**Student:** 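Before we start, here is the structure in question, set down as structure tokens.
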Amino acid sequence: MRATQFHIKTTKETPNDAEIISHQLMLRAGFIRRLGSGLYTLMPLGLRVVRKIEAIVREEMNASGAVELLMPSIQPAELWQESGRWEKFGPELLRIKDRHDRDYCLGPTHEEVITDIARRDIKSYRQLPLNFYQIQMKVRDEVRPRFGVMRSREFIMKDAYSFSLGEESLQACFDQMHIAYCKVFDRMGLDYRAVEADSGSIGGAQSREFHVLADSGEDAVVYATEGDYAANIEKAAVVSQTTRGEASESMASIDTPGVHTIAELSSKIGVAESQCMKTLLVKGSESPVVALVLRGDHQLNEIKAEHLEEVATPLAMADAADIKSAANCDAGSIGPVGLSIPVIADADAATMTNFVCGANENGKHLSGVNWGRDLPEPLVRDLRNVVEGDPNPMGTGTLKIVRGIEVGHIFQLGSAYSESMGATVLDENGKPQIMQMGCYGIGITRVAAAAIEQNNDAQGIIWPEAIAPFEAVICPVNMVKSEAVQAAAEALYTELRDAGVDVLFDDRPLRPGAMFADMELIGIPHRFVVSDKLLANDEIEYRGRRDTESVVIKRSDVLAKLK
RNA sequence: CGGGGUAUGGCGCAGCCUGGUAGCGCAUCUGCUUUGGGAGCAGAGGGUCGUAGGUUCGAAUCCUGCUGCCCCGACCA
């Protein structure tokens, strides 16, 4: 590709509304252009990157035996009503009406459509297992789009759906996707982890997320210092090792006017946060509200809480009126003593002695409180997020926490959709069986952003070679004045193209400094400079994007640099 | 959904407080010079100041409504 026939539009200034580095660089280097909140045009450079990511994904999906198709992005409401998600999905589902006033949505995912196809086309166990995939635009009306294509309202996703007879076959499909995903991210040269994840409201089955590690990641990923345990913090189990000591203080009331948070309480009365008790009221499934009790320095894990049968799904905090009627005080003064609602304590909270908690009276707290003596023993559950240093649930080492960007998710759906939508096949006995499904996603556009988060410097982007918009660039110095440089650059361009290199020939009449700066911002992995001075010795200058110095090589050694 | 901010040429901003002919940098175009790290000089084009009202002799500026966008919060006891 010749730069004069392409479209390169870079800017020195950082757009004011881009917060993270990948967003800033993608805008500055001209990979994306914002159209509206969470809506981006993929400019020619950006589209090249996306196409390379897609190609790798497509190759590995095909190699795994999956079959590509393409489903509509507009989906009739009837299908979603059938699966029950028309009501469940919430405001993220962008709903539209057509001219006949019929309801549709813009697909945020395609389980309903693929299940509809499967139930029509797949009639016999002999056709199974089968794995369909597509690479397509998804639409989610995000509460708050941000970080450019990292969390946008329209994005490209590869989604695959497997159909199996029996759980063993489902597990095999799942394992195969796990392997395929590792190959995909390995080929892209990304630093990633496959972690255990919560399976969401559908529940039960296996679920793995693939996270690219980066400080700007929106998720917390937990891994063990020894062994290969890794999990999303939403999922990571706490193995409590503490045991309860003896009660040594008597319960007393203390005045705490204006104290509403654990931090305020801790500093006001000079007691460590870990000695305070945090009491949260949430909507219950049977009783109107349920109390969740945690050590003051621990954080509630909402996913774990939501999975409790006593707690309403989805998790909802009690409102002011609920709190008033259940605890007879306002938020900030609640405590577990004397409550007549179910009290569920985190395992670590349940081993506390002589703790401080709200008195269920505004402006008062209680100190020296002890389970069993001052209030009934609670139900004990794992309610909190793990913290660094917690023991590995697998028994070896301790846990560390890093930030990750979720770029892939593989997930056993089981019969969640096939059952409600009647997707059955006849088994070898001629009996109808519900198909077992799996679903497997990769956020294509998000991978591009994640790769930049992980690979950049002060000059700009440093693309991993496999997904760079161009593998190499030819930079002629002062080509307008030198026919020799022009001829040599053209010859090199032809040679590289003939060798199958995806090369950009920067034939714009720019000064060298401007050209180099552009190419470094754009992040092309290999640069070849052609100049009169070098040509005199039959030489070319080479510089890898990560290199700090250029090297002069023989003209004949150019191709070797790309191996 | 709650709070805050913001809207001025393609981009980034000043001007607004204290009303009086709309300005700067980048980018763009022309010419000359320059040509190994985002060139210099000279010139040029480009803005219904988000939108609808109001106040005023006069509004980018003051007031009101609306809209877009951005940030924070929506894990808290």
Side-chain angles (χ1 to χ4, degrees), chain A residues 9-20 23-24 27-30 33-39 90-91 143-148 220 233-234 256 259-266 273 276-282 289 291-296 298-306 315-320 322-324 326-327 329-336 339 356-362 364-365 383-385 458-460 475-482 485 508-522 527 529-534 541 543 549-550 552:
Chain A
K9 177 74 180 165
T10 61
T11 165
K12 270 180 274 191
E13 296 189 68
T14 302
N16 68 342
D17 53 3
E19 285 198 84
I20 61 172
H23 189 196
Q24 292 172 357
L27 287 167
R28 279 189 58 207
R33 176 90 27 98
R34 199 183 74 94
L35 181 63
S37 181
L39 301 172
V143 191
R144 200 174 140 203
R146 58 182 134 183
F147 305 147
I233 198 163
E234 292 179 345
T256 52
V259 170
H260 296 291
T261 66
I262 293 292
E264 288 165 6
L265 179 64
S266 170
E273 290 189 13
C276 299
M277 193 67 89
K278 183 190 281 190
T279 307
L280 316 177
L281 299 188
V282 299
V289 290
L292 303 179
V293 181
L294 293 150
R295 219 170 78 184
H298 285 156
Q299 288 196 303
L300 177 67
N301 181 310
E302 295 191 7
I303 303 291
K304 290 176 182 175
E306 192 170 282
L315 184 72
M317 303 311 291
D319 55 40
D322 290 332
I323 294 173
K324 199 79 186 175
C329 66
D330 295 324
S333 304
I334 310 170
L339 290 179
V356 179
C357 65
N360 297 323
E361 183 182 346
N362 286 344
K364 301 239 184 239
H365 279 75
L383 285 180
R384 69 172 173 95
N385 282 335
Q459 272 61 249
C475 294
V477 172
N478 201 13
M479 188 169 76
V480 283
K481 284 283 175 63
S482 169
V485 167
R508 298 174 299 170
L510 290 184
R511 300 160 63 84
M515 190 183 286
F516 296 159
D518 259 3
M519 292 306 127
E520 281 160 6
L521 176 61
I522 291 167
R527 183 183 80 192
V529 178
V530 179
S531 76
D532 276 318
K533 198 170 60 185
L534 292 158
E541 181 188 289
R543 183 152 171 180
E549 307 257 314
S550 305
V552 173

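Hydrogens, waters and symmetry mates play no part in the numbers below; they use all other heavy atoms, side chains included. Each chain gets a letter, A, B and so on, in the order the sequences are listed, and its residues count up from 1. A quick note: this is a predicted structure, and the numbers were derived from the prediction, not measured.
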**Student:** I'd like a table of atom pairs between the protein and nucleotides 24-28 of chain B - only N or O on both sides, under 3.5 Å - with the distance next to each one.
**Tutor:**
from, atom 1, to, atom 2, distance (Å)
B:G25, N2, A:Glu13, OE2, 2.8
B:A27, O2', A:Lys9, NZ, 3.2

**Student:** Scan every strand shown for a Watson-Crick or G-U wobble partner of B:G36, both distances under 3.5 Å, and answer none if you come up empty.
**Tutor:**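 Check on B:G36: unpaired, no WC or wobble geometry under 3.5 Å.
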**Student:** Distances under 3.5 Å only, N/O to N/O: pair up the protein atoms with those of nucleotides 31-37 of chain B.
**Tutor:**
from, atom 1, to, atom 2, distance (Å)
B:U34, O2, A:Arg511, NH1, 2.6
B:U35, O2', A:Asn478, ND2, 3.1
B:U35, N3, A:Asn478, OD1, 3.4
B:G36, O6, A:Ser531, OG, 2.6
B:G36, N1, A:Glu541, OE1, 2.8
B:G36, N2, A:Glu541, OE1, 2.4
B:G36, N2, A:Glu541, OE2, 2.5
B:G37, O6, A:Arg527, NH1, 3.1
B:G37, O6, A:Arg527, NH2, 2.9
B:G37, O6, A:Arg543, NH1, 3.1
B:G37, N1, A:Glu520, OE1, 3.4
B:G37, N1, A:Glu520, OE2, 2.8
B:G37, N2, A:Glu520, OE1, 2.3
B:G37, N2, A:Glu520, OE2, 3.3

**Student:** Got a sec, which residues hit salt bridge (charged side-chain N to carboxylate O under 4.0 Å, His left out) with A:Arg384, two or more places apart in sequence or on another chain?
**Tutor:**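 A:Arg384 satisfies salt bridge (charged side-chain N to carboxylate O under 4.0 Å, His left out) with A:Asp346, A:Asp348, A:Asp390 only.
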**Student:** Which nucleotide wins on minimum distance to the side chain of A:Leu521, given the candidates B:C76, B:C70, B:G38?
**Tutor:**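 The nucleotide sitting nearest to the side chain is B:G38.
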**Student:** By salt bridge (charged side-chain N to carboxylate O under 4.0 Å, His left out), which residues pair with A:Glu361, not counting sequence neighbours?
**Tutor:**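 Result, salt bridge (charged side-chain N to carboxylate O under 4.0 Å, His left out) vs A:Glu361: none returned.
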**Student:** Who pairs with A:His365 by ring-ring contact (aromatic ring centres under 6.0 Å, His included), at least two apart in sequence or on another chain?
**Tutor:**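 Counting only residues at least two positions away or on another chain, A:His365 forms no ring-ring contact (aromatic ring centres under 6.0 Å, His included).
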**Student:** Watson-Crick or G-U wobble partner for B:C24, using a 3.5 Å limit on both distances?
**Tutor:**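 B:G12 is the nucleotide pairing with B:C24.
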**Student:** If I take atom CZ in residue A:Arg34 and atom C1' in nucleotide B:G10, what distance separates them, rounded to the nearest angstrom?
**Tutor:**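 Distance, rounded to whole Å: 14 Å.
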**Student:** Nearest whole Å is fine: how far is B:C71 P from A:Phe147 CZ?
**Tutor:**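 Checked: the CZ to P distance equals 8 Å.
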**Student:** Applying a 4.0 Å non-hydrogen cut-off, can you work out what A:Asn385 is touching in the nucleic acid: base, sugar-phosphate, or nothing?
**Tutor:**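 It contacts base atoms.
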**Student:** Can you tell me the Watson-Crick or wobble partner of B:A59, both distances under 3.5 angstrom?
**Tutor:**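 When the pairing criteria are applied, nothing turns out to pair with B:A59, so the answer is none.
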**Student:** Using the salt bridge (charged side-chain N to carboxylate O under 4.0 Å, His left out) criterion, which residues pair with A:Lys324? Sequence neighbours excluded.
**Tutor:**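 For A:Lys324, the residues satisfying salt bridge (charged side-chain N to carboxylate O under 4.0 Å, His left out) (neighbours in sequence not counted) are A:Asp330.
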**Student:** Find the partner of B:G47: check Watson-Crick (N1-N3 plus N6-O4 or O6-N4) and G-U wobble (N1-O2, O6-N3) distances, both under 3.5 Å, and reply none if neither fits.
**Tutor:**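 WC or wobble partner does not exist here.
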**Student:** According to the Watson-Crick and G-U wobble definitions, with both distances under 3.5 Å, which nucleotide is paired to B:U30?
**Tutor:**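 Check on B:U30: paired to B:A42, both distances under 3.5 Å.
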**Student:** Taking atom C1' of B:G68 as reference, at what distance in whole Å does atom CG of A:Leu35 sit?
**Tutor:**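 About 12 Å, once rounded to whole Å.
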**Student:** Return the value, rounded to whole Å, for the distance between atom CZ of A:Arg508 and atom C1' of B:A39.
**Tutor:**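 Rounded to whole Å, this separation is 16 Å.
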**Student:** To the side chain of A:Thr279, which of B:A77, B:C69, B:C76 is closest?
**Tutor:**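 Given the options B:A77, B:C69, B:C76, the side chain of A:Thr279 is closest to B:A77.
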**Student:** For A:His260 and B:A77, give me the distance from atom NE2 to atom P, rounded to whole Å.
**Tutor:**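 To the nearest whole Å, that distance equals 10 Å.
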**Student:** Check whether any side-chain heavy atom of A:Leu280 sits under 4.5 Å from a side-chain heavy atom of A:Leu300, and report yes or no.
**Tutor:**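 In contact.
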**Student:** Would you mind reporting whether A:Phe516 and A:Arg527 have side-chain heavy atoms less than 4.5 Å apart?
**Tutor:**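 A:Arg527 vs A:Phe516: side chains touch.
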**Student:** Write down the distance separating the P atoms in B:G47 and B:G23, rounded off to the nearest Å.
**Tutor:**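 These two P atoms come out 13 Å apart once rounded.
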**Student:** Rounded to the Å, how far apart are A:His23 NE2 and B:C70 P?
**Tutor:**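 My rounded result for the distance is 9 Å.
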**Student:** Can you tell which of B:A74, B:G38, B:A77 lies closest to the side chain of A:Thr10?
**Tutor:**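 Among B:A74, B:G38, B:A77, the one nearest the side chain of A:Thr10 is B:G38.
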**Student:** Considering every strand shown, what is the Watson-Crick or G-U wobble mate of B:U6 when both distances are under 3.5 Å?
**Tutor:**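 Across any shown strand, B:U6 pairs with B:G68.
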**Student:** Would you kindly give the CD-to-P distance between A:Glu273 and B:C76, to the nearest whole Å?
**Tutor:**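 Nearest whole value for this atom pair: 13 Å.
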**Student:** The side chain of A:Asp518 is closest to which nucleotide in this list: B:G38, B:C71, B:C70?
**Tutor:**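 Comparing B:G38, B:C71, B:C70 against the side chain of A:Asp518, the answer is B:G38.
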